[in-house]
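Read the structure below first, then the notes.
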Amino acid sequence: MSLIRLTIPGTLDYRDLAVRVVAAACKLVAHRDDVSEDARAEFDMHVVSAFGEAFNNVAIHSYKGRAVGPLDIEIEVGVGEITLRIADHGPGYDPLDVKEPDLDELPESGMGLFIMREFMDSVSYQAGAPNVLSMTKKLTEKEIGGVA
Amino acid sequence: MSLIRLTIPGTLDYRDLAVRVVAAACKLVAHRDDVSEDARAEFDMHVVSAFGEAFNNVAIHSYKGRAVGPLDIEIEVGVGEITLRIADHGPGYDPLDVKEPDLDELPESGMGLFIMREFMDSVSYQAGAPNVLSMTKKLTEKEIGGVA
Amino acid sequence: MNFTRTDEGDLTKLEISGSLDAISTPELRAAIDSVVGDQRKTIVVDCSALRLIDSSGVGALVSLYKRARAHGGKVNVTGLCDQPLAIFKLLRLDKILIG
Amino acid sequence: MNFTRTDEGDLTKLEISGSLDAISTPELRAAIDSVVGDQRKTIVVDCSALRLIDSSGVGALVSLYKRARAHGGKVNVTGLCDQPLAIFKLLRLDKILIG
Ligand SMILES: Nc1ncnc2c1ncn2[C@@H]1O[C@H](COP(=O)(O)OP(=O)(O)O)[C@@H](O)[C@H]1O
Ligand SMILES: Nc1ncnc2c1ncn2[C@@H]1O[C@H](COP(=O)(O)OP(=O)(O)O)[C@@H](O)[C@H]1O
């Protein structure tokens, strides 16, 4: 397993750079013979989407109304698996306080955590100094079209 | 000025990821009205080229015949200026021992340092633990076509 | 992200390309406000060149849909593929916004 | 990096696309070895889709040039633009390899 660490200012200006790193890291997740190109493409798409939402939350919520702090990203590139840890130095929050979006009501916000949870295998958040959001996803063939 | 830090294993597998970070960092160098699109494109091209050579040297020379160590990249994104610091934990070397390539002889190697020095405004190397290669370049209009 | 707006009779076409995310969505919001302000009747959002979208981009398109509908306008999102299509399906917007 | 080799009579065309760098050059080296081994007389290296090159990629092309010339072959690099062209000019290879 290999480790990638990226530290950037926690502002949206650095979103594109960070997303590119995550996309490149996905490509480094070791191939397995039994995984199709479609499954890989879906894996990349899900990880990049989830990461984008996590990045937004740090830039928009963690450092809202205070000095912008750093955003630390740790990526574990494993065999058929990726883990992202996103750390910020904001006040932290309790994700359990956040209501699931009611999709029938066509919400215009509050979909970020939902996207992360749906697209990754596991998402956890540990408030502290720093706050750390961890997300993991396995690259498996069942990804295709969401068929289990 | 803003700081980007990236740590990756010092192997060629991570070259593409690192080059993408540097290319994205170039885009973050603040615009100035008096700098044309052409000058920006040439700036990006020079910085990315020089960085690629620096990366190669760590992956190929610093960790040759020993366990692969980390490669630490620090990028200072300034106003009209970028600074790259590339640190490795290899044995180090003395760049003064390296002869300039004789281009008339059509060399097949030994062009890396030459490219870095030609494309950046300044390049320096400090052997130590870690060894640090520093390179700086200003984004100025005179870049166009190399006319001073 | 880039977008172009083209008006032809009752029809307004909004073509969006690139990445519609937290950093680029504010630019599109202004265009959406003016489409809504103009009370356009038929709005087609062409996303065939849209590469990536995030929840803030989705929010802007849902806002367009709701506000246009409030004065009798129709919004139709076309050309979605890859990541943007996956996001629309996940949020069950494909049935509502894709005509 | 991707490449294709096409032979037509005395002419061998090598089309290279993407990034020719320390990680991809070894793949091209094998193709270069076989072009040289086949003693091809006229070799055109089409770089119009080459986006980036580094000194290791340049080294491979110079090696092709020297070895082909050693048995009377000619090498012509065409279509260079942007970064690869800048590197060729810096290393003064434009005058030698661009025919
Ligand atoms: N990093 C964070 N710091 C503080 N609060 C957060 C953070 N991330 C999320 N939240 C809270 O959780 C809510 C839901 O987040 P999310 O599902 O991503 O949607 P949105 O950001 O659109 O509201 C946010 O509105 C915010 O109140
Ligand atoms: N990081 C490094 N560690 C040890 N030696 C190095 C390093 N970088 C460069 N060198 C030495 O300097 C020489 C010239 O490097 P360079 O100009 O980049 O061309 P090349 O790598 O093709 O030889 C190398 O051959 C090597 O001997």
Side-chain angles (χ1 to χ4, degrees), chain A residues 9-20 22-23 26 37-64 71 98 100-120 143-146, chain C residues 1-2 16-30 32-33 35-36 43 45 47 50-70 73-77 80-99:
Chain A
T11 72
L12 290 175
D13 291 340
Y14 289 81
R15 188 183 192 280
D16 180 60
L17 185 151
V19 167
R20 278 168 197 271
V22 172
C26 285
E37 277 306 301
D38 281 359
R40 281 201 78 90
E42 188 154 291
F43 175 81
D44 293 4
M45 185 176 92
H46 285 177
V47 174
V48 165
S49 302
F51 175 74
E53 299 298 334
F55 189 102
N56 288 352
N57 282 353
V58 172
I60 296 170
H61 301 300
S62 298
Y63 295 132
K64 187 178 179 168
L71 198 167
V98 178
E100 282 249 318
D102 179 352
L103 298 182
D104 293 330
E105 298 224 326
L106 298 181
E108 294 176 34
S109 67
M111 297 169 281
L113 283 170
F114 177 76
I115 290 172
M116 291 182 233
R117 288 178 179 139
E118 291 288 322
F119 277 176
M120 301 297 285
E143 281 308 314
I144 293 178
Chain C
M1 193 274 300
N2 275 303
I16 311 173
S17 62
S19 180
L20 185 63
D21 53 40
I23 198 161
S24 58
T25 296
E27 293 168 46
L28 185 69
R29 286 247 174 219
I32 285 178
D33 288 349
V35 170
V36 170
I43 301 157
V45 184
C47 292
L50 185 65
R51 207 172 36 82
L52 281 175
I53 197 167
D54 72 1
S55 62
S56 64
V58 169
L61 296 180
V62 169
S63 151
L64 168 64
Y65 170 78
K66 286 181 174 174
R67 290 154 69 202
R69 205 178 44 169
K74 284 186 63 177
V75 175
N76 201 352
V77 177
L80 284 169
C81 56
D82 298 335
Q83 192 267 1
L85 180 60
I87 292 280
F88 267 67
K89 283 187 171 167
L90 176 68
L91 299 174
R92 286 193 250 128
L93 292 167
D94 49 331
K95 301 207 165 54
I96 292 155
L97 284 172
I98 306 180

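The structure presented is a predicted model; accordingly, all values stated were derived computationally and were not measured.
How far CD1 of Ile115(A) is from CG of Leu90(C): 6.0 Å, rounded to the nearest 0.5 Å.
Not counting sequence neighbours, the partners of Ala54(A) by the side-chain contact (heavy atoms from CB on, under 4.5 Å) test are Ile86(A), Met116(A), Leu133(A), Met135(A).
Closest heavy-atom contact between Ala22(C) and Ile60(A): CB-CD1, 4.2 Å. Here the shortest heavy-atom pairing between Ala86(C) and Met45(A) reads CB-CE, 3.2 Å.
Using a 4.5 Å heavy-atom cutoff, the side chains of Leu103(A) and Leu93(C) are not in contact.
Only the backbone of Pro107(A) has a heavy atom closer than 4.5 Å to any heavy atom of chain C. Proximity to chain A is absent for every atom of Leu61(C), based on heavy atoms less than 4.5 angstrom apart.
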Let me see the donor-acceptor pairs closer than 3.5 Å between chain C and chain A, or none if nothing turns up.
{"residue": "Asp21(C)", "atom": "OD2", "partner": "Arg15(A)", "partner atom": "NH1", "Å": "3.2"}
{"residue": "Asp54(C)", "atom": "OD2", "partner": "Arg15(A)", "partner atom": "NH2", "Å": "3.0"}
{"residue": "Asp54(C)", "atom": "OD2", "partner": "Asn56(A)", "partner atom": "ND2", "Å": "2.7"}
{"residue": "Ser55(C)", "atom": "N", "partner": "Glu53(A)", "partner atom": "OE2", "Å": "2.7"}
{"residue": "Ser55(C)", "atom": "OG", "partner": "Glu53(A)", "partner atom": "OE1", "Å": "2.6"}
{"residue": "Ser55(C)", "atom": "OG", "partner": "Glu53(A)", "partner atom": "OE2", "Å": "3.4"}
{"residue": "Lys66(C)", "atom": "NZ", "partner": "Leu106(A)", "partner atom": "O", "Å": "2.7"}
{"residue": "Gln83(C)", "atom": "NE2", "partner": "Ser49(A)", "partner atom": "OG", "Å": "2.8"}
{"residue": "Arg92(C)", "atom": "NH1", "partner": "Asp104(A)", "partner atom": "OD1", "Å": "3.3"}

